[in-house]
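These notes concern the structure reproduced below.
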Amino acid sequence: MGETNNPHRFSPRHFFCNLLLLLSAVLLFALSHPNPLSVYGFPPAAFVAFVPLFVLVRRTSFGFSFLWGALYGFLCYCAYSYWLATFHPLALYVITSLYLFWMAVVVPLLKLADMFFPGKGYILQWALWVGYEYIKTLGFNAYCYGIIGYSLWSWPVLIQIASVFGVWGVSALVVFPSAWIGKGINFSLDSMKEKKAGKPDCVREFFCSFGRFAGIEKISAFCWLGFLLFTLVFGFVSYKDYSGYPSVKAALIQPNSDPWHGGLSAYKEEFRKLSRLSDEAVSAHPDVDFVVWPETAFIPRIEWHYKYREDRESFNLVSDLLTYLDSAPVPFVIGNDDAVREMTEDGYVDRVDYNSVFVFYPGENVIPPRPERYRKTHLVPFTEHFPYKKTFPWIYDLLVASDTHFWKKGTDFKVFEIGDLKFSTPICFEDTFGYISRRFVNSGARAIVNLTNDAWAKDKCCQYQHLAMSVFRAVENRVPLVRSTATGQTAFVDPNGRIVSMADSFSETWLTAEIPLVPDDSKTLYRLWGDLWGIIFLFSSITVLVAGIVIRVFVKRGDKN
């Protein structure tokens, strides 16, 4: 079906109807996730978020599907990730351009599924969408924000299946109703056109046709209902009370400031604030076992300035920090920019920076010996890492001109140990990737301690969207997760994915968390097979689509002969 009944003539009515469908799809997508109207989002909207898109796919031609797809991707991420405009001068342009490209590919694939599988194409569209959500988390441009399964983060009973299927099982549960309802609407509209139903009878005919569709496609609907029932039962059965477990208490510090702003005088004030909040927490809770400061909470490079002493004031501030940590009653987990001298890709020995986490133990903070550390393994593309300097020098120069701070990737999935607790520390948006926390836990971590700085966004929606994804890491691996953030959301999440406690956004405060010592006596299926279900959806949908196209082409050729 083209943009009009006559493909050579433009129809304003048809175009504006398609535009209305597009805008409805964008609105439903944005509302499903944390948004300015509700930081918890509207999870029910997720189950119908793609209905207008699937209807639009049927109405448009294959040629126009590229245009509608590009526009959909661009507008979705403008509405959903608007806060990127405050992150980096190029961030919003990069992400919206990326999803303009992604949807310019995905929507035509959805159209091909509708064209070559007129009966059951909606099932293939469902699988293609989940497969797309998986593939967008891979490679240099990997970006987990916007995966529809994360919209159910505030409904713990429905996300327990993530321990089996990862977020892909939740996305599959959420996307199918859109595909089924969209197919039913298209079936009804086609039926009305065939019967040429007049205005007085159109509503009755539409619902009659939809009823016939429901009868024809009842098996797939019952299968989805069966999976929904399984999800609910599994959610209730798998819930576990961790309140009786032995625990380790952490004090999570939230300074309510962006540590990168203000220069050395601001860094000194930030250190005074962090130490004051830490002292308050330890004084109020003498049984605290360790204290956590957010990502890059202390800006001067601790080991670098202690070792090379190029700047006296920075060395003095580092020395004050180490003196404070030496005399502290408990260990400290601190985000810092770790710098060392290494051979660069240009062949020179120069300073190389890592976005890192240090663990300092009382009385052991003189360097050397070197403190334990973890170096971030998955850097933010473009704004923290750009490996194509030689291939695209103009992009690299543009990033440098925009005051981009580049780091080098770490390689070690470090597991720390304080008392009886073994834990790992994904930095920033590393907790949005399932494979990273899985690697940590399979390496021996029994808790996830995330250090994050979302202060740059100055926006609750950004912080809640990040929190929504981190909740899944607890469920997938059945381990507790705590977050120490610059401005929010500092929180304690139990292995059920339930938020036990959370500090107020944009407040200068601290939060204590009783982290249960969960034994490693049974591995979740997600820990065993990782993102296997995302891979299955991706490759099975592409295989079926290609096979269907090839078979139809050969059948048509055979008919002609």
Side-chain angles (χ1 to χ4, degrees), residues 133-145 147 149-150 159 161-170 292 295 333 335 338 354-359 372-381 384-385 387 407-418 421-452 466-484 493-495 497 515 517-536 538:
E133 288 196 333
Y134 167 70
I135 201 173
K136 85 187 197 80
T137 67
L138 306 177
F140 169 69
N141 289 318
Y143 191 67
C144 298
Y145 287 76
I147 292 175
Y150 289 133
I159 67 173
I161 57 169
S163 66
V164 179
F165 306 105
V167 69
W168 320 117
V170 184
V292 187
E295 175 192 9
V333 180
D338 183 22
Y354 294 89
N355 191 349
S356 302
V357 171
F358 288 87
V359 175
E372 292 187 83
R373 75 198 64 203
Y374 164 69
R375 291 168 171 169
K376 190 175 182 181
T377 60
H378 195 126
L379 300 172
V380 179
E384 289 184 350
H385 175 60
W407 277 297
K408 185 176 179 180
K409 282 186 177 183
T411 57
D412 181 28
F413 283 77
K414 175 71 175 176
V415 177
F416 300 104
E417 189 168 356
I418 293 179
L421 180 67
K422 293 182 178 180
F423 65 95
S424 291
T425 55
I427 301 171
C428 187
F429 85 147
E430 284 189 313
D431 64 340
T432 70
F433 295 94
Y435 86 91
I436 294 178
S437 292
R438 175 175 172 262
R439 285 279 298 272
F440 282 136
V441 174
N442 283 340
S443 296
R446 301 309 303 147
I448 300 297
V449 179
N450 174 233
L451 285 71
T452 288
H466 191 166
L467 173 67
M469 292 179 278
S470 67
V471 162
F472 278 70
R473 308 294 84 87
V475 177
E476 289 166 349
N477 300 287
R478 292 298 179 204
V479 296
L481 177 144
V482 296
R483 309 179 76 233
S484 177
V493 182
D494 74 7
I515 306 174
L517 297 172
V518 181
D520 193 9
D521 50 6
S522 61
K523 291 186 176 181
T524 65
L525 289 177
Y526 179 79
R527 280 183 60 189
L528 293 173
W529 60 40
D531 294 315
L532 175 64
W533 285 97
I535 297 171
I536 289 174
L538 174 63

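Please read these numbers as outputs of a predicted model, since none were measured by experiment.
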(message) Assess whether a salt bridge exists between Asp431 and Arg483, defined as any Lys/Arg side-chain N lying under 4.0 Å from an Asp/Glu carboxylate O.
(response) yes
(message) If you define the side chain from C-beta out and look only at heavy atoms, does anything of Asp520 sit under 4.5 Å from Arg527?
(response) yes
(request) Can you establish whether the number of heavy atoms outside Lys422 located under 6.0 Å from its atom NZ is more than 12? (result) no
(message) Any carboxylate oxygen within less than 4.0 angstrom of a Lys/Arg side-chain nitrogen, looking at Glu476 and Arg438?
(response) no
(message) Please enumerate all residues that pass ring-ring contact (aromatic ring centres under 6.0 Å, His included) together with Phe433, with sequence neighbours excluded.
(response) His378, Phe429
(message) Would you say that Val170 contacts Phe165 through its side chain, given a criterion of any heavy-atom pair below 4.5 Å between the two side chains?
(response) no
(request) May I ask you to decide if Lys523's main-chain N or O and Arg478's side chain share a donor-acceptor pair within less than 3.5 Å? (result) no
(request) Side-chain contact test, heavy atoms from C-beta onward, threshold under 4.5 Å: evaluate it for Val475 versus Val493 and give yes or no. (result) no
(request) Specify the closest pair of heavy atoms between Ser437 and Asn477, including all atoms of both residues, with the distance to one decimal. (result) CB-ND2, 3.9 Å
(message) I need the Asp531 CG to Ile536 CD1 distance, nearest 0.5 Å.
(response) 11.0 Å
(request) Sequence neighbours left out, what passes ring-ring contact (aromatic ring centres under 6.0 Å, His included) with Phe423? Give chain and number order. (result) Phe290, Phe416
(message) So Trp168 and Ile147, do their side chains get closer than 4.5 Å, heavy atoms only?
(response) yes
(request) Could you pull out the closest heavy-atom pair between Thr377 and Thr411, with the gap in Å? (result) CG2-N, 4.1 Å
(message) With a 6.0 Å cut-off on the ring centroids, do Phe472 and Tyr526 count as close?
(response) no
(message) Looking at Gly410, is its backbone amide N or carbonyl O close enough to the side chain of Lys376 to form a donor-acceptor pair, meaning the two atoms are under 3.5 Å apart?
(response) no
(request) Using a 4.5 Å cut-off on heavy atoms from C-beta on, say whether the side chain of Val333 contacts that of Val292. (result) yes
(message) Side chains of Val164 and Trp529, heavy atoms from C-beta outward: is any pair under 4.5 Å?
(response) yes
(message) Using 0.5 Å steps for rounding, measure from the CD1 atom of Ile427 to the OG atom of Ser424.
(response) 11.0 Å
(message) Taking the basic N atoms (NZ, or NE/NH1/NH2) and the acidic carboxylate oxygens, is any pair closer than 4.0 Å for Arg375 and Asp412?
(response) no
(request) Check Val167 against Ala162 and note the closest heavy-atom contact, atom names and distance. (result) N-CB, 4.4 Å
(message) Counting only heavy atoms from other residues, nucleotides and ligands, does the tally under 6.0 Å from CH2 of Trp533 exceed 12?
(response) no
(message) So, taking the atom named CG in Leu451 and the one named OH in Tyr374, what distance separates them when rounded to the nearest 0.5 Å?
(response) 11.0 Å
(request) Kindly say whether Thr432 contributes a backbone atom to a donor-acceptor pair with the side chain of Arg473 at under 3.5 angstrom? (result) yes
(request) Give, for atom CG of Asp494 and atom CD1 of Ile515, the distance between the pair rounded to the nearest 0.5 Å. (result) 12.0 Å
(message) So which atom in Asn355 and which in Glu295 form the shortest heavy-atom distance, rounded to 0.1 Å?
(response) ND2-OE2, 3.0 Å
(request) Work out which heavy atom in Arg446 is nearest to a heavy atom in Val518; give both atom names and the distance. (result) NE-O, 3.0 Å
(message) Rounded at 0.5 Å granularity, tell me how far OG1 in Thr452 sits from CD in Glu430.
(response) 9.5 Å
(request) Report the distance from atom SG of Cys144 to atom NE2 of His466, rounding to the nearest 0.5 Å. (result) 10.0 Å
(message) Tell me the closest heavy-atom pair linking Ile448 and Pro426, and the distance in Å.
(response) CG2-CG, 3.5 Å
